[in-house]
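Notes for the one structure printed next.
Quick caveat, the model's predicted, so the values are computed rather than measured. Counting starts at 1 for both ligands and their atoms, in listed order. Side-chain atoms are counted along with the backbone in the values below, which use heavy atoms only and exclude waters and symmetry mates.
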Amino acid sequence: MPAAEFALIARHFASAACAAPGDALVLGIGDDCAVLDIAHGQQLVVSTDTLNQGVHFPLDADPYALAWRALGCTLSDLAAMGARPLGFTLALSLPQADDAWLSAFAKGLNEAALRYRVRLVGGDTTRGALSINLTVLGRVPQGLALRRRGAQMGDLLCVGGVLGQAAAALPWVLGERTDTAAAAALLKRYWQPEPQIALGRALRGRASSVIDISDGLLADCGHLAHASGVTLEIDAARVPVDPLAQALHGSEAALAYALRGGDDYRLAFTLPKRCLEGLQAEGFAVQVVGRVLAGTAAVALIHHGERQWVQGGGYEHFAQGQHD
Ligand code: ADP
Ligand code: MG
């Protein structure tokens, strides 16, 4: 590796507060591999995500926000497994070494990493079209990782908070609307998603199946239903919708964002009824949005008193009706 690249890594990443050894990280950036401690009786949980310029984010995306968002989204996968974050690697492809861009990127990354107590343990830096790959490492007590499979008939279907905020911010993210002050709270949800790490850990030994909502409540419930071989019934009237999204887009559009919009990074999970009270008493903003029914891998939506089966494009049709 050329000296310039070592200098780049040293300046922007190795010196970041989040890259300092400590907690589980014994040996960090600078050797051939990182070394982490895994306590006896724990299992390692791993997930990776790649974001490519022009595909996953616009060409002019703010590097600070981009880094924050990339780490937040990737950590959400650990949350969905009930894992505690340990560390992450960063594989970065850059068209050129732009110091201002890298400083802002490293700042966002460091702030998100400190917020979620996860260490930058290593990575790779190459020249190429801008691309960001993050691999996150976490741990769970042996056998307690949460899964998509396991929903039981009679369980409640729950979500970890308000939905549709990030999707409601898209017109501003894409520059179609420019009155950004009006949508600031929604834009924050888009650029700084909050992976529900604490909720995920609280669901260990309680939830029967869990997923993080990245593609929209209906689509991700489809994954839960499929993995568990059950039907999930969602009551649209119980889906928590953001008041600002309602004010800016109208109630039906805000509901459509909550049901179909992506990028929420809240957890959706099925829960035996007896576990609900305890979770709420612990302060988690858990909302019941439906229930688990016997049957095949399917999602049903109750809306305006009618039950509608949700299958791929089927809901598109319904959504158009709502906008008319
Ligand atoms: P190797 O030749 O063994 O692959 P590199 O020269 O690519 O090692 O990297 C040197 C050190 O810097 C390694 O510890 C690696 O993990 C770390 N590193 C490289 N790029 C990054 C990055 N973008 N972020 C964090 N650590 C990095
Ligand atoms: Mg390398």
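- With ring centers used as reference points, W172 lies under 6.0 Å from H249.
- Using modelled atom types and a 3.5 Å distance limit, the side chains of H12 and D99 yield a donor-acceptor pair.
- Residues S93 and S131 bring no donor and acceptor atom of their side chains to less than 3.5 Å of each other.
- Looking at T125, I29, D32, V121 and measuring to atom 23 (N) of ligand 1, the nearest heavy atom belongs to T125.
- Atoms of ligand 1 found under 4.0 Å from any heavy atom of G122 (numbered from 1 in listed order, with element): 16 (O), 25 (C), 26 (N), 27 (C).
- On a distance-only criterion, I9 and ligand 1 share no N/O pair closer than 3.5 Å.
- At a heavy-atom distance under 4.0 Å, no atom of T89 approaches ligand 1.
- Considering backbone and side-chain N/O atoms, G123 comes within less than 3.5 Å of an N/O atom of ligand 1.
- Residues passing the side chain to side chain contact (heavy atoms under 4.5 Å, CB included) test with A268 are V159, I211, I213, L217, sequence neighbours excluded.
- Of the options V136, D77, T135, a side-chain contact (heavy atoms from CB on, under 4.5 Å) to D49 is made by D77 and by none of the others.
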